[in-house]
Every structure is written in structure tokens, then in C-alpha cells.
Amino acid sequence: MAESSVKKELILKNQEISSNLFGINDSNLNVIEESLNVEISAFGEKINIIGLSRDVDLTIDVINTLIKVSNTGITVGSADIVSAIKMAEKGTLEYFEDLYKDELIKDAKGNPVRVKNFGQRQYIQSIKKNDVSFGIGPAGTGKTYLAVAMAVAALKEGRVQRLILTRPAVEAGENLGFLPGDLKEKVDPYMRPIYDALYAIMGPEHSGRLLERGVIEIAPLAYMRGRTLDEAFIILDEAQNTTQEQMKMFLTRFGFGSKMIINGDISQIDLPNNAKSGLVQAKRILKDVPHVGFAEFSSADVVRHPVVAEIIDAYENKE
């Protein structure tokens with residue numbers, strides 16, 4: 001026998017908080033409706049929720065949790081709504097408020113940078129605990145942005161003397177020489193996601209000054225060969241596109257007083273000639289090495305529009 005729908009009412013006592021929670025044209029409520037398969041009607045301070053009993057109860061838990069966060073003065077955005085829903089579905093909603101207690105750094109606009117979900121929290125804890133940390137999972141989970149945030153924080157606090165940000169320029173092949181322009185002009189298109197994260201956290205002007213002084217270095221992976229990187233925060237992005245030889249070369253650049261993060265998505269390997277991914281190999285052979293940590297993300301940790309997670313799931317199911 002099919003379960004019948006129930007209707008429950010929720011009273012919001014603070015109109016300002018409810019406006020923040022609802023979003024523009026109730027956009028946040030629409031996200032909750034679609035994600036939890038309920039119908040929500042807002043009338044002033046009253047919210048009516050209709051759906052299956054479990055879905056309605058989850059919705060009430062999500063809204064009450066978001067209200068608690070809003071009451072601390074934090075503006076709840078779309079990404080927060082999505083994270084709360086996903087944590088509720090996974091049974092980890094009780095940890096949601098904890099995500100807002102630790103501020104990693106302030107971005108270029110003065111807004112606090114915090115983790116957005118349980119997966120990101122595990123990732124940050126791994127970075128803090130280990131010398132070498134791997135972040136493995138799909139696009140949109142915040143790996144690059146959080147890695148750069150942690151790197152900039154370490155630089156500002158004097159824990160490292162420089163930042164080294166790198167990724168393989170796979171699309172250009174091993175030889176960048178055939179591309180027009182100087183080295184920077186050849187490399188920049190492949191480094192753009194790293195620049196974007198750096199500019200968002202430090203601002204273009206401040207980033208530019210540190211790049212000119214060599215405090216921040218953004219370079220293709222091939223330029224790491226033969227170096228020892230002491231007192232540096234080193235980030236390798238798109239690591240799924242390193243060969244096994246490149247990954248070993250990169251990992252052995254690690255020097256005293258340094259911190260290293262390797263990020264990648266093993267479902268998007270673009271290596272030519274059926275070359276084997278260094279990230280896949282590293283995940284297998286380094287899993288029990290001391291001071292090396294792994295944090296794995298899934299589509300549930302995507303902090304972009306909910307449809308992105310659905311697209312990722314659809315491709316994974318097909319494959």
C-alpha cells in the first residue's frame with residue numbers, strides 16, 4: 001500500500017532570517033522542494049510542507065538547521081542549502097553547524113572562506129594533519145579553491161615562504177614550443193583555474209605583486225624536474241593527467257618545512273597513447289605511507305548547482 005502524504009507547519013519567528021533563508025523569489029525553497037520531493041508554501045512566518053512523512057521530516061530538519069546557522073549572523077546561500085540537504089540525506093546533518101565554526105581565511109572581498117560540506121571538512125582535516133594530502137573526486141567539489149585557500153593562509157601566517165602551484169599541460173603535449181608567445185602566454189591557458197582561485201582569495205593586484213617577486217610561482221609540471229622545494233606550499237592540480245613517472249618526480253620534490261597537496265579526478269583522465277595515470281598508481285601504493293593522507297569526494301560533495309551532481313551521477317551510472 002502506497003504511503004500517503006502528510007502536511008506539517010513550521011513557524012519562523014524572525015522575518016529577516018526567513019527572507020535570507022528563502023532566497024530571491026523563494027529560489028532556496030525551490031531547491032529544497034525539488035531535492036527532497038516535497039511541496040513548500042510560505043505565508044509570512046508560516047511554512048506548510050507537504051510530502052511523504054520522511055521527506056517532510058527531513059525538510060523540517062534542514063530548515064531548522066539553516067535557521068540556527070542564520071541566527072549566528074551567517075548569510076545562507078544556495079551552496080549552503082545544497083550542502084544541508086545532502087548532509088540530511090546522508091544522515092550527517094548534525095555536523096552541519098560545525099562547518100561554520102572554523103574560518104580558513106578571508107577572501108579578496110573580506111568574506112570568510114569555510115568548508116561547505118562533510119567531504120570538504122575531511123579534506124581540510126587531512127591537509128592539516130599530513131605533510132602530503134591527496135584530494136580525489138569530481139569537478140565542483142572545491143578541491144582547487146580550498147587547496148589555494150590553505151596555501152595562502154600558510155603564507156600569510158609565515159608557515160611557508162612561497163607557493164608553488166602547478167598542473168600538467170596535457171592538451172599541449174610535452175613540448176610547448178610550437179605555441180605562440182612567451183612562456184607565460186603559452187602556459188597561462190592551462191593554469192587558468194589556479195589563477196581564478198588565487199585571484200578570488202587574494203585579489204588580482206596582490207597576487208600579481210607576489211607573482212612578480214617569485215613568492216608565488218605558477219608553472220607547468222615539467223618545470224618541477226630537478227628541484228627541491230623547501231619551506232613551500234606545493235599544489236598539483238589535475239593530477240589524474242600525470243604519468244606514473246611524472247607523479248614520482250613531483251612527489252620527490254618535497255623538501256623540509258613544506259606541505260604538498262595533490263588534486264585530481266580519476267574519472268577524467270586525458271593522457272595520450274593510453275598512458276597510465278600517476279594519480280591512480282599513487283592512490284594504490286601510498287595508501288599506508290605515514291604522513292600521507294587521502295580524502296575522497298563524490299557527487300554528493302559537489303558545491304555547484306544541484307544539476308551538476310546529477311550529471312556526474314548519470315555519467316558514472318552509464319559507465
Side-chain angles (χ1 to χ4, degrees), residues 79 82-83 86 116-117 119-120 122-124 126-127 132-151 165-176 179 186-198 200 218-222 224 234-251 260-287 292-319:
V82 172
S83 296
K86 289 179 177 178
K116 291 290 186 182
N117 53 47
Q120 289 190 353
Q122 300 296 93
Y123 177 60
I124 293 300
S126 175
I127 293 171
V132 178
S133 300
F134 287 80
I136 302 175
T141 48
K143 300 184 299 296
T144 300
Y145 184 78
L146 289 176
V148 172
M150 293 293 284
L165 313 175
T166 185
R167 65 186 297 187
V170 170
E171 297 89 342
E174 286 296 317
N175 183 8
L176 294 169
L179 293 172
K186 293 175 182 181
V187 167
D188 276 1
Y190 306 100
M191 303 294 128
R192 180 49 52 189
I194 291 177
Y195 277 109
D196 288 344
L198 192 62
I218 300 178
L221 181 60
M224 299 297 110
I234 313 144
I235 299 172
L236 170 60
D237 211 19
E238 297 291 322
Q240 76 275 6
N241 289 327
T242 61
T243 64
Q244 295 180 352
E245 294 77 14
Q246 286 175 325
M247 178 61 77
K248 182 180 178 182
M249 177 275 292
F250 176 75
L251 290 169
M260 183 177 277
I261 300 176
I262 300 98
N263 290 327
D265 176 4
I266 57 178
S267 72
Q268 295 192 33
I269 297 172
D270 300 315
L271 285 167
N273 304 320
N274 296 317
K276 293 184 178 179
S277 170
L279 179 60
V280 174
Q281 182 191 51
K283 180 183 175 183
R284 184 177 72 252
I285 67 177
L286 300 179
K287 63 179 189 239
V292 176
F294 289 83
E296 299 204 34
F297 296 89
S298 70
S299 59
D301 299 309
V302 171
V303 292
R304 295 178 183 170
H305 192 284
V307 75
V308 176
E310 294 174 6
I311 290 170
I312 291 168
D313 284 338
Y315 271 96
E316 288 180 350
N317 291 335
K318 185 178 186 302
E319 292 167 1

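Keep in mind that the numbers below use all heavy atoms, side chains included, and drop hydrogens, waters and symmetry copies. Keep in mind it's a predicted model, so treat the numbers as computed, not measured. Numbering starts at 1 and runs along the sequence shown.
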Is the backbone N or O of [Y] less than 3.5 Å from a side-chain atom of [X], with the two atoms forming a donor-acceptor pair by type?
X: Tyr123; Y: Gly135; result: no
X: Lys276; Y: Gln281; result: no
X: Asn241; Y: Asp270; result: yes
X: Thr141; Y: Asp301; result: no
X: Thr166; Y: Ala219; result: yes
X: Lys143; Y: Pro138; result: yes

Considering all heavy atoms, the nearest [X]-[Y] contact:
X: Leu271; Y: Ser277; result: CD1-CA, 3.7 Å
X: Thr144; Y: Pro193; result: CG2-O, 4.3 Å
X: Ser133; Y: Ser126; result: OG-O, 3.1 Å
X: Pro168; Y: Leu236; result: CD-CD1, 4.0 Å
X: Ile261; Y: Asn263; result: CG2-OD1, 3.6 Å

Handout entry: Under 3.5 Å side-chain donor-acceptor pair for Glu238 and Gln240
Key = yes
Measure the [atom1]-[atom2] distance between [X] and [Y] for me, rounded to the nearest 0.5 Å.
X: Leu279; Y: Asp265; atom1: CG; atom2: CG; value: 9.0 Å
X: Gln120; Y: Leu146; atom1: CD; atom2: CG; value: 4.5 Å
X: Leu198; Y: Tyr145; atom1: CG; atom2: OH; value: 11.0 Å
X: Gln244; Y: Ile285; atom1: CD; atom2: CD1; value: 8.0 Å
X: Thr242; Y: Arg167; atom1: OG1; atom2: CZ; value: 12.5 Å
X: Asp237; Y: Ile262; atom1: CG; atom2: CD1; value: 11.0 Å

Does the side chain of [X] reach to within under 4.5 Å of the side chain of [Y], using non-hydrogen atoms?
X: Phe294; Y: Lys283; result: yes
X: Leu221; Y: Met249; result: yes
X: Phe297; Y: Gln122; result: no

Practice task
Would you please test Val280 and Ile269 for side-chain contact (heavy atoms from CB on, under 4.5 Å) and show each step?
Solution key: CA-CA 10 Å; Val280 174; Ile269 297 172; 4.1 Å; yes
Fill in the blank from the handout: In Ile234, Ile127, Leu251, the residue satisfying side-chain contact (heavy atoms from CB on, under 4.5 Å) with Val132 is Leu251
